[in-house]
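Just below is one structure, and these are the notes that go with it.
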Amino acid sequence: MVKSSSLKSPKKEEVIDQTIETLLQPKGWDEYIGQAKVKKSLRIILEAARRRGEPVDHLLFYGQAGLGKTTLAKLVALEMGAPLRITSGPAIEKAGDLAAVLSHLEENEILFIDEAHRLNRIIEEVLYPAMESRKIHIIIGKGPGARTISLDLPAFTLVAATTRVNLLSAPLRSRFGATFKLDYYDEKDIEVIIKRSANILGVNIDPAATSVLARAARFTPRTANRLLKRTRDYLEVHGGEVITEETAQKTLGVLEIDSLGLESHDQIFLNTIIEKFNGGPVGVGTIAAALNEDKGIIEDVYEPYLMRLGFLRRTPAGRVVEKAAFQHLGKQPSQQLL
Ligand SMILES: Nc1ncnc2c1ncn2[C@@H]1O[C@H](COP(=O)(O)OP(=O)(O)O)[C@@H](O)[C@H]1O
Ligand SMILES: [Mg+2]
């Protein structure tokens, strides 16, 4: 067993979850369900680079959490037969940290920086020349005696991922050779993912249960897998051979997730607009103040799923809760929507 030297050792369930996570992660393009457009254009870029015997252009993946950005980065490395080094924005605190990572890269290595929106400006500035001309400039010493030395880097590919692309600076964004947006999955694709995962976990699930879980999965593979795992736990504890519609529904009940995957924060968000602002239109800044939440978080984290559901609309006058949301929440729609 691997010993962990960290102060807070992970709980047993977390370790098990991690292991399952590795099992469920797609190991090839065929197993990477959906996202057909992204897959197609990415594979052309990879194939062309391989034929030319060059490293791939720097790539940026963005989209909501759990849509498959990290998985995609791993597939890129796999397809290129290149080593992969994984780090993240918050892990790189100082310019020196990044310089250390970059100067230890192997030829053609893929450097994956997750949560790239959390790289600070000084670090971004180290990254620019590295991305453009495979150089880093390191300042040695302080004050008038300080001097800059330049180091040449091996050919490498930067793959960056972010859930909040608007927070990336324009100069950084413009240095990627290709940018891919991962969108929400179709419900059908989520069903395929659930069936595949059930298969890997060796658990039987009937079609009605698959569609209950798919509908509650927020069109997101990670959520789908999480719901499946919790449903499997429920079956384990309560006994039974097959995950049925009832097992699925009871599990959602325990998790306090409704049939469309709304959690309490989603309900509070919608109910606030409905009750305090008569369903809107109301400016996002006003909603943020009412919820005591960051405006950017509301835009990047709360709203996308609700918009995808057709529960929320952005208008020039502000946010409007749609009729479908009133109906789902069992409320009387506001006059202007009738
Ligand atoms: N296209 C896909 N097909 C099947 N499973 C997927 C797909 N994308 C993601 N997953 C599953 O969802 C999990 C979360 O994906 P991940 O790549 O970690 O998302 P992100 O990095 O965007 O937050 C993965 O471990 C994998 O099991
Ligand atoms: Mg990730």
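Values below: all heavy atoms of this structure, side chains included; hydrogens, waters and symmetry mates excluded. Atoms within a ligand are numbered from 1 in the order they appear, just like the ligands themselves.
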Determine whether a donor-acceptor pair (N or O, by modelled atom type, separation under 3.5 Å) exists between the side chain of Gln35 and the backbone of Asp183. yes
Just by distance, do the side chain of Lys27 and the backbone of Gln25 share a donor-acceptor pair under 3.5 Å? yes
At a 4.0 angstrom heavy-atom cut-off, what protein residues surround ligand 1?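 Ligand 1 pocket, heavy atoms under 4.0 Å: Glu21, Leu24, Gln25, Pro26, Glu31, Tyr32, Ile33, Ala65, Gly66, Leu67, Gly68, Lys69, Thr70, Thr71, Tyr185, Ile193, Pro221, Arg222, Asn225.
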Working to the nearest 0.5 angstrom, can you tell me the gap between Ile123 CD1 and Glu93 CD? 8.0 Å
Just how far is it from atom CZ of Arg52 to atom CD of Glu47, taken to the nearest 0.5 Å?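 CD of Glu47 is found 10.5 Å from CZ of Arg52.
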Can you see whether Thr244 engages Thr247 through a side-chain donor-acceptor pair at a distance of less than 3.5 angstrom?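 Yes - a donor-acceptor pair under 3.5 Å links their side chains.
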For residues 29-55, the ring-ring contact (aromatic ring centres under 6.0 Å, His included) pairs (sequence neighbours left out) are none
Metal proximity, Thr70 vs the Mg ion (ligand 2), N/O/S cut-off 2.8 Å: yes
